[in-house]
Amino acid sequence: MATNRTFTMIKPDAVQENHIGGILSMIEAGGFRIVELQKINLSAERAGQFYAVHAERPFYNDLVKYMSSGPIVAAILEKDNAVADFRALIGATNPANAEEGTIRKKYAKSIEANAVHGSDSDENAQIEGDFFFGNK
Ligand SMILES: Nc1ncnc2c1ncn2[C@@H]1O[C@@H]2COP(=O)(O)O[C@H]2[C@H]1O
């Protein structure tokens with residue numbers, strides 16, 4: 001399979017608790033190449049745009065508040081089968097269901113403060129990467 005890309009964010013709680021290095025180490029050890037990397041503060045407006053697909057969900061307002069509560073780290077990652085392999089590396093959205101050895105098992109605190117985001121399709125990986133890094 002051709003090398004392709006996914007997009008990730010390290011979320012505010014994980015940044016606040018000094019887990020950027022630990023999480024990036026797990027990502028690199030998992031065979032991913034970091035091709036773009038940026039630490040940035042999201043305004044509530046930008047966080048709302050990023051998660052617009054969830055606008056009707058009951059957790060949306062809290063999610064926007066949380067994602068704009070402190071800096072995040074955005075990155076584009078490259079690996080064969082990147083989207084699926086990265087979702088396997090991060091584990092289930094709810095850390096209570098995350099498998100041993102996954103990033104969320106190690107670092108997530110709750111279903112909201114779940115340490116990392118990972119794109120769910122090649123199409124969204126492109127859209128989400130462009131949201132932070134433009135068309136490169
Ligand atoms: N009940 C929920 N189901 C799914 N996602 C949730 C829920 N509550 C909060 N969230 C947050 O919404 C985010 C949407 O996609 P993420 O994979 O970034 O991770 C999710 C969580 O941070």
Side-chain angles (χ1 to χ4, degrees):
M1 181 175 290
T3 297
N4 57 15
R5 290 180 173 192
T6 191
F7 171 80
T8 187
M9 285 186 289
I10 303 176
K11 297 187 180 186
D13 60 299
V15 171
Q16 172 65 28
E17 291 176 16
N18 287 341
H19 295 319
I20 296 173
I23 290 172
L24 292 180
S25 291
M26 286 181 76
I27 289 171
E28 290 189 325
F32 293 85
R33 177 168 298 280
I34 297 166
V35 292
E36 298 285 352
L37 187 70
Q38 181 184 30
K39 186 179 180 193
I40 190 172
N41 284 283
L42 282 178
S43 65
E45 189 185 356
R46 286 277 287 165
Q49 287 167 359
F50 183 87
Y51 280 117
V53 66
H54 295 305
E56 303 305 321
R57 307 284 290 275
F59 57 80
Y60 178 71
N61 287 344
D62 284 343
L63 175 62
V64 167
K65 214 178 288 177
Y66 161 62
M67 289 301 297
S68 55
S69 67
I72 59 104
V73 173
I76 292 175
L77 308 175
E78 198 167 74
K79 183 186 184 296
D80 292 352
N81 202 31
V83 167
D85 285 4
F86 191 66
R87 288 177 74 82
L89 178 65
I90 66 180
T93 303
N94 186 344
N97 302 325
E99 303 75 5
E100 285 297 336
T102 63
I103 292 174
R104 284 173 172 158
K105 179 73 180 182
K106 186 162 185 187
Y107 293 112
K109 298 201 298 202
S110 68
I111 194 167
E112 177 179 80
N114 62 358
V116 285
H117 168 81
S119 304
D120 63 4
S121 66
D122 287 344
E123 186 190 1
N124 283 335
Q126 181 74 47
I127 292 168
E128 292 172 358
D130 287 349
F131 185 90
F132 285 92
F133 299 104
N135 288 300
K136 289 188 178 176

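This structure is a prediction, so every number in the text was calculated from the model and none was measured. Below, all heavy atoms of this structure are taken into account, side chains as well, without hydrogens, waters or symmetry copies.
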**Q** Can you run down the side-chain hydrogen bond (donor to acceptor under 3.5 Å, both in side chains) pairs that involve residues 94-115, sequence neighbours left out, and say none if there aren't any?
**A**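 Residue pairs with at least one partner in residues 94-115: Lys11-Asn114, Glu17-Lys109.
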**Q** For Arg46, give me all partners under side-chain hydrogen bond (donor to acceptor under 3.5 Å, both in side chains), at least two apart in sequence or on another chain.
**A**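 In terms of side-chain hydrogen bond (donor to acceptor under 3.5 Å, both in side chains), with neighbours along the sequence ignored, Arg46 is linked to no residue.
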**Q** As a quick check of understanding, evaluate side chain to side chain contact (heavy atoms under 4.5 Å, CB included) for Leu89 and Ile103, giving each step before the final call.
**A** CA-CA 6 Å; Leu89 178 65; Ile103 292 174; 3.9 Å; yes
**Q** Could you tell me whether the side chain of Phe86 reaches within less than 4.5 Å of the side chain of Lys79, counting heavy atoms only?
**A**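 Lys79 vs Phe86: side chains apart.
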**Q** Which pair of heavy atoms, one from Val64 and one from Ala47, lies closest together, and at what distance?
**A**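 Closest approach of Val64 to Ala47: O-CB, 4.0 Å.
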**Q** Let me check something: any side-chain donor-acceptor pairs from residues 21-34 under 3.5 Å, sequence neighbours excluded? List them with distances.
**A**
{"from": "Ser25", "atom 1": "OG", "to": "Gly21", "atom 2": "O", "distance (Å)": "2.9"}

**Q** Under the criterion side chain to side chain contact (heavy atoms under 4.5 Å, CB included), I'd like the reasoning laid out for His117 against Phe7: C-alpha separation, chi angles, the key distance, then a yes or no.
**A** CA-CA 8 Å; His117 168 81; Phe7 171 80; 4.1 Å; yes
**Q** What residues, two or more places apart in sequence or in another chain, satisfy side-chain hydrogen bond (donor to acceptor under 3.5 Å, both in side chains) together with Ser119?
**A**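 For Ser119, the residues satisfying side-chain hydrogen bond (donor to acceptor under 3.5 Å, both in side chains) (neighbours in sequence not counted) are Glu128.
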**Q** Where do Pro12 and Gly70 come nearest, in terms of heavy atoms and distance?
**A**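 Between these two residues, the closest heavy atoms are CG-O, 3.8 Å.
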**Q** Going by the rule side-chain contact (heavy atoms from CB on, under 4.5 Å), which residues pair with Gln38 if we only count those two or more places apart in sequence or in a different chain?
**A**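 Checked Gln38 against side-chain contact (heavy atoms from CB on, under 4.5 Å); matches are Ile40, Phe132, Phe133.
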**Q** Apply the test side chain to side chain contact (heavy atoms under 4.5 Å, CB included) to residues Arg57 and Tyr51: give CA-CA distance (whole Å), side-chain angles for both, the deciding distance (0.1 Å), then the verdict.
**A** CA-CA 10 Å; Arg57 307 284 290 275; Tyr51 280 117; over 6 Å; no
**Q** Are Phe59 and Met9 connected, step by step, through hydrophobic side chains (Ile, Leu, Val, Met, Phe, Trp, Tyr) whose heavy atoms are closer than 4.5 Å?
**A**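 Looking at the clustering, Met9 is in the same group as Phe59.
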**Q** Check whether any side-chain heavy atom of Phe50 sits under 4.5 Å from a side-chain heavy atom of Met67, and report yes or no.
**A**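 Not in contact.
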**Q** Does any N or O in the side chain of Arg5 come within less than 3.5 Å of the main-chain N or O of Gln126, such that one atom is a donor and the other an acceptor?
**A**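 No.
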**Q** For residues Ile90 and Ile111: do they belong to one hydrophobic cluster (side chain heavy atoms under 4.5 Å, members Ile, Leu, Val, Met, Phe, Trp, Tyr)?
**A**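 Each belongs to a different hydrophobic cluster.
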**Q** How many angstroms lie between atom CD1 of Ile10 and atom CD1 of Ile72, to the nearest 0.5 angstrom?
**A**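 Those atoms lie 9.0 Å apart.
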**Q** Looking at residues at least two apart in the chain, or sitting in another chain, which of them share a side-chain hydrogen bond (donor to acceptor under 3.5 Å, both in side chains) with His19?
**A**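 Per chain and number, His19 pairs via side-chain hydrogen bond (donor to acceptor under 3.5 Å, both in side chains) with no residue.
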**Q** May I have all residue pairs that pass salt bridge (charged side-chain N to carboxylate O under 4.0 Å, His left out) and include part of residues 117-127, sequence neighbours excluded?
**A**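 Every candidate salt bridge (charged side-chain N to carboxylate O under 4.0 Å, His left out) pair involving residues 117-127 fails, so no pair, neighbours aside, qualifies.
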**Q** Using side chain to side chain contact (heavy atoms under 4.5 Å, CB included) as the criterion, point out the one residue from Leu37, Asp130, Val35 that pairs with Ile76.
**A**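 The single option meeting the side chain to side chain contact (heavy atoms under 4.5 Å, CB included) with Ile76 is Val35.
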**Q** Output the distance between atom CG (Leu77) and atom OG1 (Thr8), rounded to the nearest 0.5 Å.
**A**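 Reported value, rounded in 0.5 Å steps: 6.0 Å.
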**Q** For residues 59-72, which residue pairs qualify under side-chain hydrogen bond (donor to acceptor under 3.5 Å, both in side chains), counting only residues two or more places apart or in two chains?
**A**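 Passing the test, one end in residues 59-72: Asp13-Tyr66.
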**Q** Are the side chains of Val73 and Val15 in contact, using a 4.5 Å heavy-atom criterion?
**A**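 Contact flag for Val15/Val73 side chains = yes.
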